[in-house]
Participant: 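Would you mind keeping the following structure in view while I ask a few things?
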Number of protein chains: 2
Amino acid sequence: MSRETPSGDELLAMLAALASPHRLRIVAALAEGRSYVSELARRLRMNRPLLYMHLQKLEAAELVVGTLETAPDGSSVKWFDLAPFAVTLTPQAIAAAVPTLTVPGQKDEDKQ
Amino acid sequence: MSRETPSGDELLAMLAALASPHRLRIVAALAEGRSYVSELARRLRMNRPLLYMHLQKLEAAELVVGTLETAPDGSSVKWFDLAPFAVTLTPQAIAAAVPTLTVPGQKDEDKQ
DNA sequence: CCGACCTGTCAGCATTCCCTGACAGGGGGC
DNA sequence: GCCCCCTGTCAGGGAATGCTGACAGGTCGG
C-alpha cells in the first residue's frame, strides 16, 4: 500500500511505464476520471490496439487498474482507473533502490 | 533551481533518462561521490563507449553534470557529479505537466 | 622508445520497440 | 436482415535503441 521505498525492479518498471508521451497522456486523461479503451482511444486520437498495449504496460506497472465489468444485459466494458501512487525521485531514493535490482544473469562477484 | 513542477518535456526526459537499469546504477554510483568515465566503467563493469552514451543521456536530462578538468600538467579528466533533483511522481503532477508536452506535428484540433 | 592512463568518436550489428490494419468474438436496437 | 457499440489478439514492417570493437587524439613515466 504505502509505497515509500519501492524495490529496484518496481521503480524501474514504474519509470519505464511512464517514460512515454502516450502513457503520460493516458495517465493525465485518467486523472479526470475513469474511462474505457474505446472511449479513451477516441479522446486521445490513437489507435485502439496501440492504446490497449500502453494500458497493459501501465497496468503491469500497477499505475492503472483495469476492471472488466459485465453488465446484466451481457455487454461488457473494461473500466480503467488510476491507481494512487506517489514516488519521490531523488538520488538517495535511487541509490537505495538500486541494490535490489534484479540483473538478468548477475553473478555476485562484485568485489568491494 | 527549485524544480517543483517540471514541464512535460522535462519530466519526460527525466523519466526516459532514468528508465534504464544501467543509468539507475550510474546514478547510484555517483551518489557515493564524483567519478570519471574510465573509473566508472571499471566499477560498473561496462564498456566505456556504452557508459559514455548513458552518461550523455543523463547529462542531457540534467541529472548529472560533467566537467572536463584539465590539470596544469595538461592531462584532462572529465568529472561527473550528480545534479541534485527531487521530483515527486503523482497523478496530479503528471496531469499538470502533460498539457505542456511538445508533440511533434501536433495540430490544435482537439475538439473537447 | 614503449606502455599505461585519460578523452572522444565511429560504423555496424542485433535486438527490441512502436504502430498499423485486419481479424476474431460478444452485445444491443432498428 | 443490417448497423453500431464493446473487447481482445494477430502478423508484419519500419524505426529507434543498445552494445560492441576499433580507432583517433592527448599526457605521463620508465
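Numbered from 1 within each chain, the chains take letters A, B, ... in sequence-line order.
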Participant: Return the nearest nucleotide to the side chain of A/Tyr52; candidates are C/dT7, D/dC6, D/dG8.
Facilitator: D/dG8

Participant: Between B/Leu51 (CG) and D/dT20 (C1'), how many Å, whole number?
Facilitator: 14 Å

Participant: So, is B/Asn47 close to the D/dT20 phosphate, meaning a side-chain N or O under 4.0 Å from OP1 or OP2?
Facilitator: yes

Participant: Taking A/Tyr36's backbone N and O only, do any of them form a donor-acceptor pair with A/Glu39's side chain (distance below 3.5 Å, no angle check)?
Facilitator: no

Participant: Is it true that a side-chain atom of A/Asp81 and a backbone atom of A/Arg34 form a donor plus acceptor pair closer than 3.5 Å?
Facilitator: no

Participant: Could you check A/Leu89, A/Val98, A/Leu101 and say which one makes a side chain to side chain contact (heavy atoms under 4.5 Å, CB included) with A/Leu11?
Facilitator: A/Leu89

Participant: Could you state the CD-C1' distance from A/Glu69 to D/dG8, rounded to the nearest angstrom?
Facilitator: 18 Å

Participant: How many Å lie between CD on A/Glu39 and P on D/dC6, as a whole number?
Facilitator: 9 Å

Participant: What is the distance, to the nearest angstrom, from the CG atom on A/Leu44 to the P atom on C/dC18?
Facilitator: 17 Å

Participant: For A/Asp73 and for A/Met46, find the nucleotide of DNA chain C with the closest heavy atom, then tell me which residue's nucleotide is more 5'.
Facilitator: A/Met46

Participant: Do the side chain of A/Thr100 and the main chain of A/Gly8 share a donor and acceptor less than 3.5 angstrom apart?
Facilitator: yes

Participant: Does the side chain of B/Ser76 get closer than 4.0 angstrom to OP1 or OP2 of D/dT27 through an N or O atom?
Facilitator: no

Participant: Which pair of non-hydrogen atoms, one from B/Ala13 and one from B/Ala61, has the smallest distance, and what is that distance?
Facilitator: O-CB, 3.8 Å

Participant: Could you state the CG-P distance from A/Leu55 to C/dC18, rounded to the nearest angstrom?
Facilitator: 14 Å

Participant: What's the CG-P distance between B/Leu40 and C/dG8, to the nearest Å?
Facilitator: 13 Å

Participant: Salt-bridge test for B/Arg43 and B/Glu32: reply yes if a basic N is under 4.0 Å from a carboxylate O, no otherwise.
Facilitator: yes

Participant: Of the listed nucleotides (D/dC23, D/dT7, D/dT9), which one gets closest to any side-chain atom of B/Arg48?
Facilitator: D/dC23

Participant: Using atom CD of A/Gln56 as one end and atom P of C/dC17 as the other, report the distance to the nearest whole Å.
Facilitator: 14 Å

Participant: Evaluate A/Ser75 against A/Thr70 for side chain to side chain contact (heavy atoms under 4.5 Å, CB included), listing each step before the verdict.
Facilitator: CA-CA 6 Å; A/Ser75 63; A/Thr70 305; over 6 Å; no

Participant: Would you say B/Tyr36 places a side-chain N or O within less than 4.0 Å of OP1 or OP2 belonging to C/dC6?
Facilitator: yes

Participant: Please determine whether a side-chain nitrogen or oxygen atom of A/Lys78 lies at a distance below 4.0 Å from atom OP1 or OP2 of D/dG8.
Facilitator: yes

Participant: Can you pull every protein N or O that's under 3.5 Å from an N or O on nucleotides 10-18 of chain D?
Facilitator:
from	atom 1	to	atom 2	distance (Å)
D/dG18	OP2	B/Lys57	NZ	2.3

